There are 2 protein chains.
Amino acid sequence: MSEVILAEGLQNPEEQVLKRENLTEKDFKKIIRQMGLKVTQQRLVILETLAEGRVHVTAQEVFEIVNDKFPEMGFATVYRFLRKLTENNFVTEVRMGGLPARYELTPKRHHDHLTCVQCGKIVEFENQEIEKLQEQVAKKFGFELTNHVLELYGKCRDCQLNSKRKEA
Amino acid sequence: MSEVILAEGLQNPEEQVLKRENLTEKDFKKIIRQMGLKVTQQRLVILETLAEGRVHVTAQEVFEIVNDKFPEMGFATVYRFLRKLTENNFVTEVRMGGLPARYELTPKRHHDHLTCVQCGKIVEFENQEIEKLQEQVAKKFGFELTNHVLELYGKCRDCQLNSKRKEA
DNA sequence: AATTAATTGAAAATTATTCTCAATTAGTTT
DNA sequence: AAACTAATTGAGAATAATTTTCAATTAATT
Ligand SMILES: [Mn+2]
Ligand SMILES: [Mn+2]
Ligand SMILES: [Zn+2]
Ligand SMILES: [Zn+2]
């Protein structure tokens, strides 16, 4: 049941995000070439879209935004390029439950997410202590850690207040 | 690319799991009744399947196992009942990336997972320090924590050795 | 400008999961 | 024990997200 609420909320969530770099067309071209790919208009527009506006976007959202500026773009291109970007770690895939994947340009510093199950608001946070403890756990079991997923879910302050208001 | 390897590996992973209770038919009936549902053969067989054998199973796997003992069972019934069990917290859904959800009977103590990206082996662990820190993070941002997902991914000792062997 | 391998969009395919609905059945009431 | 009824079931259709296919186009190289 929290799933549905979450999905609805996520349609227009506000977000509290860590500061992002300002990227220009030059940077986009560099990124594309670093992956050994050809520079195309669609790829540039997709990167542009990722760099401005909402930080955590679904492939569908990217497609819709991009489709305005560039109506002949197919959604397969968006999915394809997002996958490439993710494989090359220029983009990070964030998955919440069974919902569609969300993507963000990989920021210089790693972070995890705290999401409101009611309104979908996303807060990014860094916690070095947790990161360290994760390493320790992996070590303890003889694993070489490659990555991790830490997603916290809860009710944000606003939604807590809203709930109380309704009760009263 | 790690996705594919992971998916393949997961087809026959060994697992290191925390000890589980031994549940009997009596317990299963109690569980079903606690959810206000009727006790049916299919529900009993599904619970039986969850209680023995592999701990982290997909709906498909449950269906196949169950289908042997009980060939007239439909997969919709498996999905339906797993959902109910999950909603009522008798079963916990574990999701790794975009792969099919895996389910396990919710154990008395909460734990998280450490998964080998090569062979799919799953190790369960508990870490109170991490849990505490998560609460602190939530609090710091004014959230009331409802749940979290912590999945660690890495290469297990065996797979590290295998890799070295291949190099040599 | 010619060449060619990569890229693209549209549509079909795939995968996991949910829904629909007519037939069956568990649990209750006579 | 038979009747009753609302819940449950299985089969298959539907849905949603994502991937694949393939013929046409295009970026980069010559
Ligand atoms: Mn983020
Ligand atoms: Mn587990
Ligand atoms: Zn909220
Ligand atoms: Zn392994």
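Sequence lines set the chain letters: A, B, ... in the order given, protein chains first and strands last, and positions in each chain run from 1. Everything quoted here is computed from the prediction, not taken from an experiment.
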| task | Quickly work out the A/Glu87 CD to D/dT18 C1' distance and round it to whole Å. | result | 14 Å
| note | Separation of D/dT18 atom P from A/Leu99 atom CG, nearest Å, is 10 Å
| query | Got B/Tyr153 and A/Val149 here, is their nearest side-chain heavy-atom distance under 4.5 Å? | reply | yes
| request: Figure out the CG/C1' separation between B/Leu85 and D/dT8, and round it to whole Å. | output: 15 Å
| note | Separation of D/dT26 atom C1' from A/Met73 atom CE, nearest Å, is 15 Å
| In whole angstroms, how far is the P atom of D/dT8 from the CG atom of B/Leu44? | 13 Å
| task | Using only side-chain N and O atoms of A/Tyr79, determine if any of them is under 4.0 Å from OP1 or OP2 of D/dT19. | result | no
| note | dist B/Lys164:NZ -> B/Cys159:SG (nearest 0.5 Å) comes out at 12.0 Å
| field | Side chain proximity check, A/Gln134 to B/Leu150, heavy atoms < 4.5 angstrom | value | yes
| query | Do A/Ser163 and A/Lys155 have side chains that get closer than 4.5 Å, going by heavy atoms? | reply | yes
| query | Hey, does the side chain of B/Arg43 reach the backbone of B/Lys38 with a donor-acceptor pair shorter than 3.5 angstrom? | reply | yes
| task | Summarise protein proximity over nucleotides 21-30 of chain C in one line of letters, 5' to 3': B for base, S for sugar-phosphate only, - for none, counting protein heavy atoms closer than 4.0 Å. | result | -----BS---
| task | Side-chain contact test, heavy atoms from C-beta onward, threshold under 4.5 Å: evaluate it for A/Asp158 versus A/Lys121 and give yes or no. | result | yes
| Side-chain N,O (B/Arg83) to OP1/OP2 (C/dA16) below 4.0 Å | no
| request: Using a heavy-atom cut-off of under 4.0 Å over every strand shown, decide if A/Gln42 touches base, sugar-phosphate, or nothing. | output: sugar-phosphate
| said: Assess whether a salt bridge exists between A/Arg54 and A/Glu64, defined as any Lys/Arg side-chain N lying under 4.0 Å from an Asp/Glu carboxylate O. | reply: no
| A/Leu82 CG to D/dT19 C1': how many Å, rounded? | 13 Å
| said: What is the distance, to the nearest angstrom, from the NZ atom on B/Lys84 to the C1' atom on C/dT17? | reply: 16 Å
| In whole angstrom, what separates A/Phe75's CZ from C/dA10's P? | 9 Å
